Amino acid sequence: MGGQAKGKKKGKPKRKDINPNLDPRFVGVSPQERMKLRAHEKAKKKSAEKYSVLQLLEKTEECMDSFDFEMARLFCQRALDVESSNLQALDMQGHICSELGDTEKAKEISFMQVYSFFELELSPDVGHSKYMYLGQINTGQESVDFYTKGIQVLLSALEKQALTTQAEAAAAAPADEDAELPTAKDVCVAYCSVAEIYLTDLCMEEGAGDKCKELIERALQYHHDNPEALQLMASYLFSTERNQEGKEYLLKSVGLWLPAQEQSAASSSTDEDMQNEIPPYESRVTTAKLLLESEEFEVAVDVLEGLLEEDDEVVQVWYLSGWVCYLQLEKAKELSYLTNAKKLYIKLRCDDQPMSEHVEQLLGDLGGELEGEEEDLFLDEDYEPCSDEEEDAAEAPMEH
């Protein structure tokens with residue numbers, strides 16, 4: 001008590017500070033970054049507990065189908081957090097990054113896909129889509145090499161698929177309807193992709209024209225009425241000055257999908273089969289250019305009207321609409337289209353000097369652009385294109 005010395009309190013042993021550098025993930029990482037990494041690990045664990053990879057990929061696919069690629073990337077990344085070498089997730093993330101214009105990330109993911117086969121001791125000859133992505137994001141001969149490998153994988157898969165189907169038929173076994181199997185159309189599209197390179201990037205290579213023609217012919221062997229393959233053949237024939245043959249292929253191509261586009265626009269239909277008949281937007285812009293080149297002005301007008309109905313914020317479509325009216329001597333319409341092209345060009349800060357100069361030249365020939373109220377009906381200072389959600393709210397429920 002009074003003079004008794006206080007005994008030294010035996011406290012709990014002090015908790016030894018954890019050295020973050022013992023974890024290789026945290027080497028050279030700032031405290032803020034460590035916090036982010038730990039939060040990421042916690043989210044990863046939560047995702048793994050709450051959702052399976054399959055469920056996350058289903059959500060990814062739903063977002064992709066509705067063109068919400070930002071949200072699709074988030075769901076897909078969660079799936080990769082849980083299973084980093086999942087080939088389907090890598091495949092989808094590569095596609096999402098391509099759609100968002102992040103080509104460097106898409107290239108990185110595609111290489112991850114290829115290497116993941118080796119890491120998992122799987123065959124690199126399974127799954128064509130990674131090679132298609134690599135072909136898409138590369139150029140020149142490198143792109144051709146990736147597409148060629150993808151075609152080899154596709155053809156091998158189709159051959160195995162045919163043998164499996166025969167075996168199942170003999171055994172009366174039902175086919176797996178959920179399996180995503182390659183089709184002859186996939187082979188056709190792949191051949192077209194290579195042919196297009198020989199028509200553009202490698203057009204100066206020796207024998208490029210012959211290779212291009214041969215590839216398009218192979219594409220048509222696998223899908224004889226594919227609109228894009230027929231249009232590519234038209235482009236090749238125009239480039240070799242066989243204009244009449246080119247026009248025949250072009251009109252055959254347009255005849256396969258233009259009625260579906262007109263029907264879809266008239267009914268605001270989102271019928272999947274009908275939409276699948278219609279080529280991508282950019283492909284139809286090329287169609288309009290080729291129709292102008294072959295002086296099929298009325299068909300060009302039909303194509304361009306459909307494109308404007310679908311998306312009225314593409315400068316090139318307004319410009320082509322004005323150009324076709326100029327060629328048809330329809331001054332009033334031409335002024336309107338070209339004025340809108342110029343306004344939208346400025347608003348969107350486009351960078352296509354030859355097109356801008358041609359628009360100015362045409363407007364100069366017509367006495368200048370429209371001014372006042374008529375012009376403002378299309379674009380004013382506060383004009384903003386409405387989103388898909390706003391369009392859906394404004395119109396009956398209804399697809400770059």
Side-chain angles (χ1 to χ4, degrees), residues 91 94-95 97-99 101 103 106-107 109-111 113-114 117 123-162 180-242 245-246 249-250 252-253 256-257 276 279-287 289-290 400:
D91 188 49
H95 179 66
C97 289
S98 291
E99 289 290 342
T103 54
K107 186 181 286 193
I109 289 168
S110 295
F111 277 112
Q113 286 179 281
V114 177
F117 276 108
S123 170
D125 297 324
V126 176
H128 69 281
S129 56
K130 59 184 173 294
Y131 295 110
M132 297 297 110
Y133 286 132
L134 284 166
Q136 185 181 349
I137 63 179
N138 283 280
T139 57
Q141 189 58 50
E142 191 175 18
S143 180
V144 169
D145 293 341
F146 282 122
Y147 277 127
T148 302
K149 178 62 179 175
I151 290 169
Q152 290 172 1
V153 173
L154 261 174
L155 293 175
S156 174
L158 279 176
E159 188 179 339
K160 288 176 185 173
Q161 185 180 317
E180 189 177 344
L181 301 172
T183 65
K185 182 181 177 181
D186 293 328
V187 182
C188 172
V189 170
Y191 274 126
C192 284
S193 297
V194 186
E196 200 162 357
I197 296 169
Y198 282 109
L199 202 57
T200 52
D201 293 1
L202 299 181
C203 64
M204 302 305 291
E205 294 285 315
E206 187 178 347
D210 292 337
K211 287 177 184 175
C212 179
K213 184 185 177 187
E214 182 186 345
L215 288 160
I216 300 169
E217 287 172 344
R218 285 189 196 174
L220 289 169
Q221 285 173 7
Y222 281 92
H223 196 193
H224 70 277
D225 59 353
N226 182 281
E228 291 177 80
L230 290 166
Q231 178 167 299
L232 197 56
M233 180 61 90
S235 293
Y236 163 76
L237 291 167
F238 286 136
S239 73
T240 57
E241 298 185 357
R242 292 155 66 183
E245 287 180 74
Y249 272 96
L250 180 60
K252 183 178 179 182
S253 170
L256 290 168
W257 59 263
N276 286 338
Y281 196 95
E282 281 303 318
S283 176
R284 285 176 281 149
V285 173
T286 302
T287 305
K289 293 178 186 175
L290 293 172
H400 267 172

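Predicted, not measured: the structure shown is a model, and the values here were computed from it.
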_I need the minimum non-hydrogen distance between Ile197 and Gly140, along with the two atoms involved._
CG2-O, 4.1 Å

_Interatomic spacing from CZ in Phe238 to CG in Leu290 - rounded to 0.5 Å_ = 6.0 Å

*asked:* Restricting to non-hydrogen atoms, name the atom on Leu237 and the atom on Thr240 that form the minimum distance, rounded to 0.1 Å.
replied: O-OG1, 3.0 Å

_Nearest heavy atoms of Ile151 and Ala190, plus distance in Å_ = CG1-CB, 3.5 Å

_Nearest non-hydrogen partners of Ala208 and Leu202, listed with the distance_ = CB-O, 3.2 Å

*For the atom pair CG (Leu158) and OH (Tyr222), what is the distance rounded to the nearest 0.5 Å?*
7.5 Å

*Can you check whether Ser283's main-chain N or O pairs, donor with acceptor, with Gln231's side chain at less than 3.5 Å?*
yes

*Taking the side chain as C-beta and beyond, is there a heavy-atom pair between Tyr236 and Arg242 under 4.5 Å?*
yes

*asked:* Is it the case that the side chain of Ser156 and the backbone of Val153 share a donor-acceptor pair, with hydrogens and angles ignored and the cut-off at 3.5 Å?
replied: no

*CE on Met132 to OG on Ser143, rounded to 0.5 Å*: 9.5 Å

_Tell me whether Tyr147 at atom OH has more than 12 heavy atoms from other residues, nucleotides or ligands lying less than 6.0 Å away._
yes

*Apply side chain to side chain contact (heavy atoms under 4.5 Å, CB included) to Gln141 and Asp145, showing your working.*
CA-CA 6 Å; Gln141 189 58 50; Asp145 293 341; 3.0 Å; yes

*Show your working on side chain to side chain donor-acceptor pair (under 3.5 Å) between Asp186 and Thr183 and close with a plain yes or no.*
CA-CA 5 Å; Asp186 293 328; Thr183 65; 3.3 Å; yes

*Would you check, one step at a time, whether the test side chain to side chain contact (heavy atoms under 4.5 Å, CB included) holds for Tyr198 with Val144?*
CA-CA 9 Å; Tyr198 282 109; Val144 169; 4.0 Å; yes

_side chain to side chain contact (heavy atoms under 4.5 Å, CB included) between Arg284 and Trp257, intermediate numbers included_ = CA-CA 10 Å; Arg284 285 176 281 149; Trp257 59 263; 3.5 Å; yes

*Check Gln161 against Pro182 and note the closest heavy-atom contact, atom names and distance.*
OE1-O, 3.1 Å

_Shortest non-hydrogen contact between Gly135 and Phe146, atoms and distance_ = N-CB, 3.6 Å

*How many angstroms lie between atom CG of Leu250 and atom NZ of Lys252, to the nearest 0.5 angstrom?*
12.5 Å

*Supply the atom-to-atom distance Met233 CE to Cys212 SG, rounded to the nearest 0.5 angstrom.*
8.0 Å

_Please check: side-chain N/O of Thr200 versus main-chain N/O of Glu196, any donor-acceptor pairing under 3.5 Å?_
yes

_What's the separation between atom CG in Leu154 and atom SG in Cys188, rounded to the nearest 0.5 Å?_
11.5 Å

_Quiz question: by atom type and distance under 3.5 Å, do the side chains of Gln136 and Ser98 form a donor-acceptor pair?_
no

_Partners meeting ring pair (Phe, Tyr, Trp, His ring centres under 6.0 Å) with His223 (sequence neighbours left out)_ = none

